[in-house]
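Quick note: numbers below take in every heavy atom, side chains included, and nothing from hydrogens, waters or symmetry partners. Note that ligands are numbered from 1 as they come in the structure, with each ligand's atoms numbered from 1 the same way. Computed from a predicted model, the values in this text were never measured in an experiment. All residue numbers refer to positions in the sequence shown, counting from 1.
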Amino acid sequence: MPSINSLLAITALATSALAAMQTVTVAPNAKFAFDPPTIKAAAGDQVQFVFANGNHTVTSGMACKPDGAVNSGFIAVNNQADAGPNGQAKGKGKGNGALGGLFGRQAGRNQATFTMTVQDTNPMAIYCAQATHCQQGPMVMIINPADDGQMTLPNVQKAAQRARNNVPADNVSGGQLNNKAKQLQAKNAKGKGKGNNGGLGALLGGN
Ligand SMILES: *[C@@H]1O[C@H](CO)[C@@H](O)[C@H](O)[C@H]1NC(C)=O
Ligand SMILES: *[C@@H]1O[C@H](CO)[C@@H](O)[C@H](O)[C@H]1NC(C)=O
């Protein structure tokens with residue numbers, strides 16, 4: 001007879017193997033937007049951000065202010081080779097279960113990605129901390145939007161449009177950059193060599 005503990009371990013393994021990965025394109029067709037702008041995800045699911053164009057961040061927080069949970073730092077994609085065909089994520093990886101996860105992972109090949117694991121089903125607003133992208137796009141999205149109350153997509157958009165400042169976060173947190181993204185971030189450091197992002201880029205580039 002297998003012990004309860006080993007059954008639990010098997011269940012946990014099966015659950016993690018089935019965790020979905022969803023793909024979000026950052027700046028599709030050079031628009032100040034995340035596509036899709038809302039996703040629903042379960043705790044343990046992964047969200048992979050694919051940087052398609054320009055110089056952007058994936059940063060969590062309302063009204064263009066970081067809350068410290070999730071931040072990719074600045075990733076500058078400056079040519080079609082970096083961006084992939086049509087400047088789009090190659091796949092959507094939207095399916096549930098293992099297959100969705102596979103497609104999701106496929107989407108990021110050869111492209112700069114930042115992948116986070118969703119910790120819970122609480123709403124999480126995400127914005128781009130570059131220049132005035134957050135306010136202008138508004139370049140925002142929401143993971144697990146609420147049906148009502150403050151954390152709906154329209155409210156997250158309004159709060160962004162009204163924000164006085166667009167504030168970058170200091171450190172990469174809450175997720176993993178792939179090698180391509182680390183490479184591109186290291187270029188920020190070469191370009192500037194000072195300031196928070198330059199320092200961070202240097203740190204990552206040195207790894
Ligand atoms: C960012 O990282 C540096 C170096 O690890 C640390 O000293 C600093 O406190 C961090 N800042 C934030 C806001 O977490
Ligand atoms: C990307 O944007 C950041 C913040 O504005 C800047 O520090 C960095 O130099 C930019 N990177 C490139 C390669 O242009």
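- The one candidate from T57, V58, N178 that meets the side-chain contact (heavy atoms from CB on, under 4.5 Å) condition with F51 is V58.
- Residue contact check: A76 has heavy atoms under 4.0 Å from atoms 11 (N), 12 (C), 13 (C) of ligand 2.
- Taking only nitrogen or oxygen atoms, main chain and side chain alike, K187 does not reach within less than 3.5 Å of ligand 2.
- Closest approach of H133 and C128 over heavy atoms only: ND1-SG, 3.6 Å.
- For ligand 2, the atoms lying closer than 4.0 Å to a non-hydrogen atom of N188 are 1 (C), 8 (C), 10 (C), 11 (N), 12 (C), 13 (C).
- Of the candidates L153, V156, V24, L153 is the only one forming a side-chain contact (heavy atoms from CB on, under 4.5 Å) with P37.
- Evaluated for a side-chain contact (heavy atoms from CB on, under 4.5 Å) with T23, the options T113, D35, V50, T115 yield exactly one hit, V50.
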